[in-house]
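Owing to the predicted nature of the structure, the values given are computational and were not obtained by experimental measurement. Values below: all heavy atoms of this structure, side chains included; hydrogens, waters and symmetry mates excluded.
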Amino acid sequence: MSIELFLTLLVVFWLVLLLVSRGRVGRVSGPSARPRSASDEDLWLQKLLTLTLNNRGAIERGVTAKRRNFPSASRAELLERVHTDYMRDRR
């Protein structure tokens, strides 16, 4: 085996390991395709209430803004998107 092939395989292995450890491989990005229920909505609402210190106004403004971009999305999907934005902004 040549050194070039060995180094190439090593780099590929390292990249796969890095992607798996960050959770990027095997996960679908964006909202999942499964149907949402009222319990999903309650779950995301509770998570957002915790993040925003019970600021329902901020949550509703976020949902309204997301509804402009995703008019056919369910409320649970919109709450999930707002939560994702909050978490991304906190980093």
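To the nearest 0.5 Å, atom CE of residue Met87 and atom OG1 of residue Thr84 are 9.0 Å apart. If you take CD1 on Ile3 and OG1 on Thr8, they are separated by 10.0 Å, rounding to the nearest 0.5 Å. Interatomic distance, Glu4 CD to Leu7 CG, rounded to the nearest 0.5 Å: 7.5 Å. Interatomic distance, Glu60 CD to Leu78 CG, rounded to the nearest 0.5 Å: 10.0 Å. With rounding to the nearest 0.5 angstrom, the CG atom of Asp40 is 8.0 Å from the CD atom of Glu80.
Across every non-hydrogen atom of Leu48 and Leu79, the tightest pair is CD1-O, 3.5 Å. Taking every heavy atom of both residues into account, Leu51 and Tyr86 meet most closely at CD1-CB, 4.0 Å. Between Ala73 and Arg67, the shortest heavy-atom contact is O-NH1, 3.5 Å.
With sequence neighbours excluded, no residue forms a side-chain hydrogen bond (donor to acceptor under 3.5 Å, both in side chains) with Gln46.
For residues 49-58, the set of pairs meeting the side chain to side chain donor-acceptor pair (under 3.5 Å) definition, not counting sequence neighbours, is empty.
Side-chain contact between Glu77 and Phe70 is absent, with no heavy-atom pair separated by less than 4.5 Å. Using a 4.5 Å heavy-atom threshold, the side chains of Asp85 and Lys66 count as touching.
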